[in-house]
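Side chains included, hydrogens not; waters and symmetry mates left out as well; all remaining heavy atoms used. Index from 1, following the sequence.
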Amino acid sequence: MVQDYKLFIGGEFKASSTGETFEDLNPATLESLATIQVAGPEDVDRAVEAAEAGFRLWNEVPAAKRAEVLFRAARILQERKEELAVLMTEEMGKVLPETRGDVQEAIDITNYAAGEGRRMLGETTTSELKEKFCMTVLRPIGVVGLITPWNFPIAIPAWKIMPALVAGNAIVFKPASDTPLLAFKLIEVLSEAGLPPGVINLVTGPGGTVGKAVVRHPHIKAISFTGSLDTGKWIMEECSKTMKRVSLELGGKNPVIVMDDADLELALEGVLWGAFGTTGQRCTATSRLILHEKIKDEFIKRLLAKAKALRIGEGLLPETDIGPVINKAQLEKIEKYVKIGKEEGATLLYGGNRIDLGLPGYFFEPTIFTDVRPDMRIAQEEIFGPVLGVFTVSDLEEAITLANSTRYGLSSAIYTENIGNAFRAIEKIEAGITYVNAPTIGAEVHLPFGGVKGTGNGFREAGTEAVKEFSEVKAVYIDYSGRLQKAQIDSAE
Ligand code: NAP
């Protein structure tokens with residue numbers, strides 16, 4: 001029987017005020033996995049009130065003790081890894097090795113953030129005055145709102161939740177409507193690990209109503225959002241009205257440059273994985289392939305052979321390389337871009353169609369366009385599906401100019417055996433991440449993650465930036481001279 005999941009507010013499951021529900025569907029079979037409640041504005045208010053109470057409690061717990069809850073959560077995630085991975089494949093569609101990786105990423109960030117509990121470092125420095133001491137300390141922000149997408153159903157929530165918790169904040173969490181089940185599982189894990197009631201609260205339902213209510217709530221002090229550029233822009237504008245801090249991780253149009261001196265077999269494997277892994281539904285997916293003209297024909301011939309060999313199917317089957325697309329709207333969006341690409345004059349080398357596997361789900365062929373020009377929409381706009389556009393260039397400078405020609409700047413890669421080419425690419429590609437001789441996907445949690453230009457607003461997640469995203473910095477001055485000393489006053493002393 002399909003389980004009914006209520007909202008999680010103040011440590012309890014509570015029915016929503018709207019009485020409305022929606023079904024959480026398996027994108028391969030369209031079977032319902034769970035019935036989820038649609039929160040109303042009053043429910044968001046209740047979640048924020050519970051979080052405010054949770055914050056008063058949690059803020060008093062020393063960071064190293066907060067971290068102990070996270071270490072326990074990491075252990076529980078580890079014990080439940082396989083169960084969560086299977087559930088994620090059913091809910092989101094990607095193949096089991098990838099969903100295992102998603103859960104592992106959550107385990108890694110949980111352990112990493114827990115370690116930060118004993119490393120909430122401020123700075124000490126000298127004063128311009130005698131007998132005065134200066135330092136900075138990190139303070140929690142308060143109640144923070146976290147809004148996440150569906151493509152990494154547990155890793156992306158964990159990237160936000162764990163640093164926010166160790167920094168001492170309380171949370172109102174709004175997961176993607178395509179993957180709420182994994183969000184509930186994460187809540188279960190944190191509760192079992194001993195997180196006090198109210199410190200995390202989960203509200204489900206459409207972004208257009210529930211997400212908006214979270215963004216607009218005057219008692220929520222910061223929003224951390226991962227999702228599309230359009231939603232991110234709206235959130236940034238809206239947050240200015242209540243002077244909220246807002247950190248944005250948005251889309252990508254990630255290029256791979258393959259130079260004529262590259263190890264072609266290595267590059268082929270990297271491009272195939274980067275473009276078609278997770279059915280192309282990664283913010284860091286390779287969507288633009290920039291080939292040096294000298295290796296272009298050979299590379300495309302070999303890429304085509306490899307793409308044709310990819311097996312599409314249900315993510316739970318061991319033989320599957322590529323699972324379904326997440327939902328109908330996404331499938332239709334991919335089809336729309338295939339049509340646009342053809343109309344713009346690009347050559348559809350391979351794919352471009354839905355696949356009938358005898359299942360009602362959303363399967364699409366890996367798709368390759370050649371003869372793509374930088375001004376085409378398929379070269380500029382994020383498709384978020386298994387669609388790769390191929391460009392040809394005659395040197396590195398042209399390749400880098402092309403790589404930088406979109407409004408996004410998340411991930412990038414160069415395949416070359418020439419150290420000079422590698423460093424020029426690191427220096428000149430406008431992106432938050434550059435890989436050398438590796439695909440555009442595959443971030444590690446101890447490095448900062450985020451992008452430039454339209455991909456974000458300057459924040460980074462994970463790595464040493466993780467706790468800072470969810471902390472206020474306070475400057476502290478301690479004057480032990482016993483007399484009034486005036487800084488910011490021109491003094492002859
Ligand atoms: P999306 O449509 O922007 O939705 C993301 C989240 O925001 C969902 O929880 C959604 O709720 C919610 N939402 C939608 N409209 C909202 C609004 N007006 N106010 C508040 N919340 C709102 O993006 P998506 O289709 O789920 O995810 C794909 C996008 O995420 C791609 O652009 C991808 O590149 C990006 N992404 C970026 C990163 C990164 O780190 N840079 C990582 C992963 C994905 P519903 O689900 O209910 O609509």
Side-chain angles (χ1 to χ4, degrees), residues 2-10 12-25 27 32-52 91-92 143-151 153 156-157 160-161 164 170-184 186-187 198 200-251 326-330 332-333 384:
V2 172
Q3 201 181 333
D4 189 348
Y5 283 82
K6 297 191 169 72
L7 311 176
F8 186 75
I9 296 176
E12 290 171 15
F13 288 97
K14 296 199 170 148
S16 87
S17 60
T18 67
E20 291 168 29
T21 58
F22 63 99
E23 297 303 308
D24 181 14
L25 300 182
S32 177
L33 299 165
T35 303
I36 307 291
Q37 303 220 337
V38 175
E42 310 91 283
D43 300 315
V44 174
D45 286 344
R46 284 195 290 159
V48 175
E49 275 167 33
E52 287 181 312
E91 189 181 38
M92 189 269 164
V143 176
V144 298
L146 311 181
I147 303 176
T148 55
W150 43 263
N151 63 340
I156 291 179
K160 296 182 190 300
I161 290 171
I171 295 169
V172 176
F173 170 31
K174 188 340 241 164
S177 298
D178 283 304
T179 53
L181 198 46
L182 265 292
F184 278 102
L186 194 51
I187 296 284
I200 189 159
N201 304 275
L202 179 62
V203 286
T204 45
T209 55
V210 185
K212 274 187 178 171
V214 171
V215 170
R216 287 180 166 151
H217 203 288
H219 294 183
I220 291 183
K221 301 282 196 314
I223 296 289
S224 176
F225 170 78
T226 299
S228 62
L229 176 60
D230 287 345
T231 312
K233 275 184 179 169
W234 179 84
I235 289 177
M236 193 157 172
E237 276 178 36
E238 202 60 27
C239 283
S240 71
K241 297 177 189 162
T242 39
M243 290 298 281
K244 279 187 184 63
R245 177 194 295 214
V246 54
S247 58
L248 302 174
E249 295 293 341
L250 309 174
I326 188 72
N327 57 34
K328 187 158 178 271
Q330 194 55 33
E332 287 169 355
K333 182 178 171 198
F384 219 57

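Closest approach of D24 to D178, counting heavy atoms only: OD1-O, 3.3 Å. In terms of heavy-atom proximity, G211 sits nearest to I147 at O-CD1, 4.0 Å. Of all heavy-atom pairs spanning A51 and V172, the tightest one is CB-CG2, 4.1 Å. When all heavy atoms of A213 and V44 are compared, the closest pair comes out as CB-CG2, 3.9 Å. Between L7 and A39, the shortest heavy-atom contact is CD1-CB, 3.8 Å. Closest approach of E237 to S240, counting heavy atoms only: O-OG, 2.5 Å.
The closest side-chain heavy-atom distance from V214 to F173 is not below 4.5 Å. For the pair T35/E23, a side-chain contact is recorded, criterion being any heavy-atom separation below 4.5 Å from C-beta on. Residues F22 and S177 form a side-chain contact, since some pair of their non-hydrogen atoms from C-beta on lies under 4.5 Å apart. Counting heavy atoms from C-beta outward, N151 and I326 have side chains that stay 4.5 Å or more apart. Between D45 and H217 there is a side-chain heavy-atom pair separated by less than 4.5 Å.
Going from atom CG of D43 over to atom OG1 of T204 covers 9.0 Å, rounded to the nearest 0.5 Å. Atom CD1 of I187 is separated from atom CZ of F8 by 6.0 Å, given to the nearest 0.5 angstrom. To the nearest 0.5 Å, the span separating CG on L229 from CH2 on W234 amounts to 15.0 Å. With values rounded to the nearest 0.5 angstrom, L202 atom CG is found 11.0 Å from Y5 atom OH. Expressed to the nearest 0.5 Å, how far CD1 of I200 lies from CD1 of I171 amounts to 4.0 Å. In this structure, L146 CG and I220 CD1 are separated by 9.0 Å, a value rounded to the nearest 0.5 Å.
Side chain of N201 to backbone of G10: a donor-acceptor contact under 3.5 angstrom is found. A donor-acceptor pair under 3.5 Å links the side-chain atoms of Q37 to the main chain of S16, judged by distance alone. Side-chain atoms of K174 come within 3.5 Å of backbone atoms of G205 as a donor-acceptor pair (strictly under, hydrogens ignored). At least one donor-acceptor pair closer than 3.5 Å links the side chain of E91 to the backbone N or O of L181. Side chain of T18 to main chain of G40: no donor-acceptor pair is present (N/O by atom type, distance under 3.5 Å, no hydrogens or angles).
For the side-chain contact (heavy atoms from CB on, under 4.5 Å) with K244, the lone residue among I223, V215, V144, I235 that qualifies is I223. Partner of S224 under the side-chain hydrogen bond (donor to acceptor under 3.5 Å, both in side chains) criterion, out of K160, R245, E249: K160 alone.
Between F384 and W150, the ring planes are perpendicular. Angles over 60° get that label, and only those under 30° would be called parallel.
Classification of E332 and K328 as a salt-bridged pair holds, one side-chain N sitting under 4.0 Å from a carboxylate O.
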